[in-house]
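Here is the structure we will look at, set down as structure tokens.
Order of the sequence lines fixes the chain letters, A, B, ..., with proteins taken first and strands second; residue numbering starts at 1 for each chain.
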Amino acid sequence: MFDGKKIREDFPIFNSNKDLIYFDNAATTQKPKQVLDALQEFYSQCNANVHRGIYKIAVEATDEYEEAREKVSQFINSKIEELIWTRGATEAINQILYAWALWNLKKDDEIVTTIMEHHSNLVPWQLLQKNGVKIRYVNLNGDGTLNMKELENSVSKKTKFVTVTQMSNVLGTINPVEEIVKIAHDNGALCLIDAAQSVPHMEVDVKKINCDFLVFSAHKMLGPTGVGGLYAKQEILEKLDPALRGSEQIKSVSLFETEWTDLPWKFEPGTPNFADIVAFGYAVDYLKKLGMKNVREHERDLTKYALEKLQQISKLKIFGPLNGTRGGVISFQLADIHAHDMASFLDDNNIAVRSGHHCAMPLMKYLGISGTTRASFYIYNMKEEIDKFIETLEKAKQVFKV
Amino acid sequence: MFDGKKIREDFPIFNSNKDLIYFDNAATTQKPKQVLDALQEFYSQCNANVHRGIYKIAVEATDEYEEAREKVSQFINSKIEELIWTRGATEAINQILYAWALWNLKKDDEIVTTIMEHHSNLVPWQLLQKNGVKIRYVNLNGDGTLNMKELENSVSKKTKFVTVTQMSNVLGTINPVEEIVKIAHDNGALCLIDAAQSVPHMEVDVKKINCDFLVFSAHKMLGPTGVGGLYAKQEILEKLDPALRGSEQIKSVSLFETEWTDLPWKFEPGTPNFADIVAFGYAVDYLKKLGMKNVREHERDLTKYALEKLQQISKLKIFGPLNGTRGGVISFQLADIHAHDMASFLDDNNIAVRSGHHCAMPLMKYLGISGTTRASFYIYNMKEEIDKFIETLEKAKQVFKV
Amino acid sequence: MTSMYAEEILDHYRNPRNFGELKDAQIKYKESNPLCGDEYEFYLKVNNGLVSDAKFFGDGCAISKASASMLSEHVKNKTLDDLKKMKLDDVLKLLGIEVSAARTKCALVALLAIQKGIQKFEGGKNDGSQR
Amino acid sequence: MTSMYAEEILDHYRNPRNFGELKDAQIKYKESNPLCGDEYEFYLKVNNGLVSDAKFFGDGCAISKASASMLSEHVKNKTLDDLKKMKLDDVLKLLGIEVSAARTKCALVALLAIQKGIQKFEGGKNDGSQR
Ligand SMILES: Cc1ncc(COP(=O)(O)O)c(C=O)c1O
Ligand SMILES: Cc1ncc(COP(=O)(O)O)c(C=O)c1O
């Protein structure tokens, strides 16, 4: 186990903002100095475009860049060839749309997904309706977990694709992805796991999950903005043409034809975001050093503590599972205080939370609400912060006269 | 005018590598401390996901982010609504492919482009051949300039799209883009300008060029990696559906439909690379302060000086215009010394240049060569460096016994 | 610190004045704040260039709803030109509180609905933002 | 500093030995270094498990061409197993120079062509890298 207070010292932002209680980690996380230093050092010591350069700093830059891929692919237990760099989870999903789904899903084929998806794992697939593809949404149980019975009934031989988040960014629900992948495969469908909220917070092993695709974002796990990962099984990547096209991904180009180069570069046209990718490698080093089991336990601890305290506040409603497998994301509504007013009030007390629909409008509609206030935790959060948070909620009840 | 030596002091990499002569600026440029500091400060002081956040640092982050858009759109004289953030020039071109060209170009429609294009402005369009679209390539004059007569003859009523680089990353040729846009428009075609090599080095005014699309990359103009710009005329953007789909770009999402939000955000799904975008704003500040007229003049000076000296070396062949409108990119071949050997030898002497096909294989084939050695200049380069470069080439002749 | 949630604001939030639809309104406009999700439709009846009645319908936070409610009272007997000239500051004066930068958009939704509605009514170019 | 461009290397670069096609070769394989563009096809004739003749064709930098040329001499009368065991170090020993990190790929292209050719010849799974 580890000490949130000590970890906090690694994060310069808490030096500039001494009293900041940052509970918006599902949106983006803060960065430790190890990552910021790596970024700075890269730019100050060996910045050069990667690949093809023969001079010293270009070789160094390329080595650092490919080392980051090694680190991150190890982190999710994929092969190096199976990890494609993208801008983030959203772009990764779009690459699957344009490299595979758009050309392979046909009229009357079905996609199965859930009502708890983030817009980024929902809006892309709507494009396929153009080609006559049908989308089916699986609903929830009363406690905010996924209705697995309904999922089993929804997946059929017509299903060509199942796409599910591993952890809801609103409810904190953790879905049984191994089971879902199995159901998909038993019906001949491919399966994508949106791991934007899981890879940062728990051990994720793509081989164990056995999914066909998995996506995540660096900025939600101590890394810089502008980097994400697309994992896909090698045999799938080998068969596909890349969606994004350009330089650096080719063996040879003639006027009317292009021969792609080897994996993973085949899917990475143009100059990659190499400096940030190198820094992302250091973010993963930082997490590895903490140990993902410990990260998960730390958050489980905080979440349990917070849920207990929150349940003692009258007129406070929590959306999402109260116990069982869930992550450190808590959505709530306090009496008739509008989520934005709640967030403003918390901000006045130096507590940063998010309010609104959390890019999950269909889920909001399903829950019959317009939004929630959401607190989400990470490694540098502490029980003392939760105490202050609970106190402030009590204060809000007075100010808002509920 | 300004002093390369003084500017050099702003760049930490030249502190870590005192004797480095960096002549690979067409691949990527170095970063001034003003940009690196901005990046560091952003992460250490107000890092938070942009848009939607109600707490203080989220508001600051969003303001800084949108201020960068103001700075950069001003820099190319576009409206704020017309500047879309991408990962780089390559991704920007792909967005045009998937948002516009793929759905609007039909069998027997023609695209006109040039033999000097970078793979990133060539490989994407080959995809359209799937739909029966024809690509026509315009060749060069003997001096490495574009054959404008041939271009005029190639563009016809069948032409729906003309796409041309403003400056060749191999030859240094600067193309008459205003004239080319006019020819395209006179024939009812839209026109894309690949400005990856021009925006960093000269004044570029999208309204004056009157192009429909224009793309560029931050990393080639003092900015961080992972950021680029896609300019498109507002009336075009308004009519298009975005290629990339996801969160942050929508007014509302229901299960089967999405209503896009306003420009420019409609084209920017997912968490943007906001920290780097903020830093890019500072890169543009730096260039503005120098003045793009001065940047251009400085490079013109260096290029003229280098070309004069290079022409005095026997058995040295230069590819590209020797005078007239050209930029600071010089490709050459010295006797039978292979480009990679040349680059290695220069590297042994602390001079970083690029060698190979420079992601322009069709141009190499057209020129009947397998590659060139390329030196490309920027604001921190100096005449003394060119002297050392020339000396080293003379030394190479001895070592390689030519 | 708690000045944004003054008694009067909360009162208007919980008991919005002129809340509902106005069937025979000549001016009718829906405006939303896409970042927050606040959404209001405003209805204005005009007589001899003066607003004779006003109502609104919709939902949002305390700041946006209070400003809509207060504006629905304020607009009565004003000329359309008066209303077109109103600015953020005028709304803040009505609200009687300080509004943080993040929330000025909330304070403005209702005024925007009114002003865009007038613009449309006066035959101004429809700017496409009405759904 | 200039050790990479020793006299012998330049001689092999400018006068490559065994340069050309070998019509009746049983082993024939083209390998390229996509980062640099060096590309060589190797031809090996095998007799009783020994390489009886070898030639190569292609183009590239001094390092890659010299190593191809030297290898074309070295392989004769070697067993296929001998060749399969060869490593970067063995090539560097042949070249007799130090090769910078950026250029090791150049030094290796020819050996890779030979080894992949043998693998294919021995009925090993075609790994798809031959065009
Ligand atoms: C002319 C030209 N176009 C496009 C690009 C692609 O830019 P990026 O790799 O930053 O996407 C380059 C960069 O090498 C270039 O020189
Ligand atoms: C569950 C989930 N999926 C996808 C995303 C999209 O990630 P990004 O915005 O980094 O592309 C998010 C981020 O908010 C998320 O929470």
Side-chain angles (χ1 to χ4, degrees), chain A residues 12-13 16 27-28 30-31 36 40 43-45 47-49 52-56 87-88 90-91 94 98 118-120 122-124 126-127 129 137 217 219 224-226 244-247 250 252-256 258 269-271 273-276 340 343-344 347 352 354-356 359 361-362, chain B residues 12-13 16 27-28 30-31 36 40 43-45 47-49 52-56 87-88 90-91 94 98 118-120 122-124 126-127 129 137 217 219 224-226 244-247 250 252-256 258 269-271 273-276 340 343-344 347 352 354-356 359 361-362:
Chain A
I13 196 153
S16 321
T28 200
Q30 300 305 333
K31 322 301 172 198
L36 299 184
Q40 207 74 1
Y43 278 129
S44 316
Q45 284 174 18
N47 175 62
N49 210 326
R52 296 181 195 280
I54 265 174
Y55 51 90
K56 283 180 283 291
R87 177 168 49 243
T90 304
E91 195 210 301
N94 276 274
Y98 284 107
H118 188 276
H119 291 160
S120 288
L122 197 156
V123 178
Q126 290 180 345
L127 178 68
Q129 297 178 130
Y137 289 92
S217 291
H219 71 95
T225 59
L244 295 176
R245 304 162 65 100
S247 59
I250 51 103
S252 76
V253 175
S254 67
L255 292 181
F256 306 108
T258 291
T271 302
N273 186 1
F274 55 80
D276 287 328
H340 295 326
S344 267
D347 178 43
R354 190 135 298 224
S355 56
C359 297
M361 283 192 185
Chain B
I13 196 154
S16 321
T28 200
Q30 300 305 333
K31 322 302 172 197
L36 299 184
Q40 205 74 2
Y43 278 128
S44 319
Q45 284 173 17
N47 175 62
N49 209 326
R52 296 182 195 279
I54 264 174
Y55 51 90
K56 285 180 283 288
R87 177 169 49 243
T90 304
E91 195 210 299
N94 277 275
Y98 284 107
H118 187 277
H119 292 161
S120 287
L122 198 155
V123 178
Q126 291 180 344
L127 178 69
Q129 296 178 131
Y137 289 92
S217 290
H219 72 94
T225 59
L244 295 176
R245 305 162 65 100
S247 59
I250 50 102
S252 76
V253 176
S254 66
L255 292 182
F256 306 107
T258 291
T271 302
N273 186 0
F274 55 81
D276 287 328
H340 294 327
S344 267
D347 177 43
R354 191 136 296 225
S355 57
C359 297
M361 283 191 183

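Note: Pro124(B) leads Ala275(B), Pro124(B), Ser254(B) in heavy-atom pairs under 4.5 Å with chain A. Your options are Pro12(A), Ala343(A), Ala352(A), and the one with the most heavy-atom pairs under 4.5 Å with chain B is Ala352(A). With chain A as partner, the option from Thr271(B), Leu127(B), Leu255(B), Thr258(B) having the largest number of non-hydrogen pairs under 4.5 angstrom is Leu255(B). Of the listed residues (Gly88(B), Gly226(B), Ser217(B)), the greatest number of heavy-atom pairs within a distance under 4.5 Å of chain A belongs to Gly226(B).
With a 4.5 Å cut-off on side-chain heavy atoms, Ser44(B) and Leu36(A) count as touching. For the pair Ser355(B)/Ile54(A), a side-chain contact is recorded, criterion being any heavy-atom separation below 4.5 Å from C-beta on. Using a 4.5 Å cut-off on side-chain heavy atoms (C-beta onward), Pro362(B) and Val253(A) make contact.
Using cut-offs of 30° and 60° for the angle between ring planes, the Tyr98(A) and Tyr98(B) rings count as tilted.
Atoms CG and CG, on Asn273(B) and Asn273(A) in that order, are 5.5 Å from each other to the nearest 0.5 Å. Within the model, atoms CG of Asn47(A) and OG1 of Thr28(B) stand 5.5 Å from one another, a figure rounded to the nearest 0.5 Å. For the atom pair Ile250(B) CD1 and Met361(A) CE, the distance stands at 4.0 Å (nearest 0.5 Å). Once rounded to the nearest 0.5 Å, the distance linking CD of Glu91(B) with CD of Glu91(A) reads 5.0 Å.
When heavy atoms are compared at a cutoff of 4.5 Å, Gln30(A) approaches chain B by way of both its backbone and its side chain. Heavy-atom distances place both the backbone and the side chain of Phe256(A) under 4.5 Å from chain B. Of the two parts of Ser344(A), the backbone and the side chain both hold a non-hydrogen atom closer than 4.5 Å to a non-hydrogen atom of chain B. Only the side chain of Leu122(B) comes within contact range of chain A, with at least one heavy atom under 4.5 Å from a heavy atom of that chain.
For Ser120(A) (side chain) and Gly270(B) (main-chain N/O), no donor-acceptor pair under 3.5 Å exists by modelled atom type.
Residues that satisfy the ring-ring contact (aromatic ring centres under 6.0 Å, His included) test with Tyr43(A), not counting sequence neighbours, are absent from this structure. Taking the ring-ring contact (aromatic ring centres under 6.0 Å, His included) definition, one finds that His119(A) meets it with His357(A), sequence neighbours left out.
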Q: List the steps, then state whether side-chain contact (heavy atoms from CB on, under 4.5 Å) holds for Thr90(B) with Leu244(A).
A: CA-CA 8 Å; Thr90(B) 304; Leu244(A) 295 176; over 6 Å; no
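The shortest non-hydrogen separation linking Gly53(A) to Arg354(B) is CA-NH2, 3.5 Å.
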